[in-house]
Amino acid sequence: MEKLIVLGTGNASVTKCYNTCSIIQDEKGKYFMIDAGGGNGILTQLEKMNIPVTEIHDIFLTHEHTDHLLGMIWMIRVICQNMQKGVYHGEARIYGHAEVIEQVHQVAHMLLGKKQTKYIGDRVHLIAVADGETREIQGNAVTFFDIQSTKAKQFGFRMTLPDGKSLTCCGDEPYRDCEENYAQNSDWLL
């Protein structure tokens, strides 16, 4: 049975709780992170939930607002440090639409050292996904879609679980009619 772990529910300028991000854990203990919050607090949130960064191999970024993206730079830093130490096994895959992936790439190369960035493109993969594209992530079919936000380009996804149930993430905004094909008959709606 899949498990949804909410790491934060705040907004862009929260001070009493952490920014928005969640994790889906499958029955094998694999994690799929949705957004990374606004800073290094993501590391504290993961620690509180006993989720080791070394076990997170798939991450999805909905959009480039700082309260979703900046924590990703910290995640990349810690993942790369653990790769360097030999304790992060395998690869890390970060998914998002082309613009957010390009921003992550640029910010990571501006802020992180060469010891970390040498893994980007080698073992840390920044993967641009297109509207309507389906990928297999941890054995689940995940279809990405543009939520047609007027604030910033933003994607959501629909994940079909092994038991046939589905979960739809509508990004960081309320449900819109354009998401109907993905949200319709979904068992869970984020």
- [ ] Walk me through it: do Arg93 and Ile137 pass the test side-chain contact (heavy atoms from CB on, under 4.5 Å)?
- [x] CA-CA 9 Å; Arg93 293 164 295 277; Ile137 299 174; over 6 Å; no

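- Checking side-chain atoms of Gln154 against main-chain N and O of Asp172 turns up a donor-acceptor pair under 3.5 Å.
- Side chain of Asn140 to main chain of Leu161: no donor-acceptor pair is present (N/O by atom type, distance under 3.5 Å, no hydrogens or angles).
- Under a 3.5 Å cut-off, the side chain of Tyr88 and the backbone N or O of Ile56 do form a donor-acceptor pair.
- Listed for the Asp35 side chain is no donor-acceptor partner under 3.5 Å among the backbone atoms of Gly37.
- The CD1 atom of Ile23 sits 8.5 Å away from atom CE of Met49, with the distance rounded to the nearest 0.5 Å.
- Hydrophobic side-chain contacts under 4.5 Å tie Phe145 into a cluster, directly or through other members, with Ile147, Tyr182.
- Glu91 pairs by the salt bridge (charged side-chain N to carboxylate O under 4.0 Å, His left out) definition with nothing, not counting sequence neighbours.
- When Val100, Leu61, Thr62, Asp131 are each tested for a side chain to side chain contact (heavy atoms under 4.5 Å, CB included) with Phe155, only one passes: Asp131.
- In this structure, Glu47 places its CD atom where only 12 or fewer heavy-atom neighbours from other residues, nucleotides or ligands lie under 6.0 Å away.
- By the 4.5 Å heavy-atom criterion applied to side chains, Ile76 and Ile94 are counted as neighbours.
- One side chain, Glu102 or Gln106, offers a donor N or O that lies under 3.5 Å from an acceptor on the other.
- With His105 contributing its side chain and Ile101 its backbone, the two residues share no donor-acceptor pair below 3.5 Å.
- Applying the under-4.5 Å side-chain rule to Ile, Leu, Val, Met, Phe, Trp and Tyr, the cluster around Val87 consists of that residue alone.
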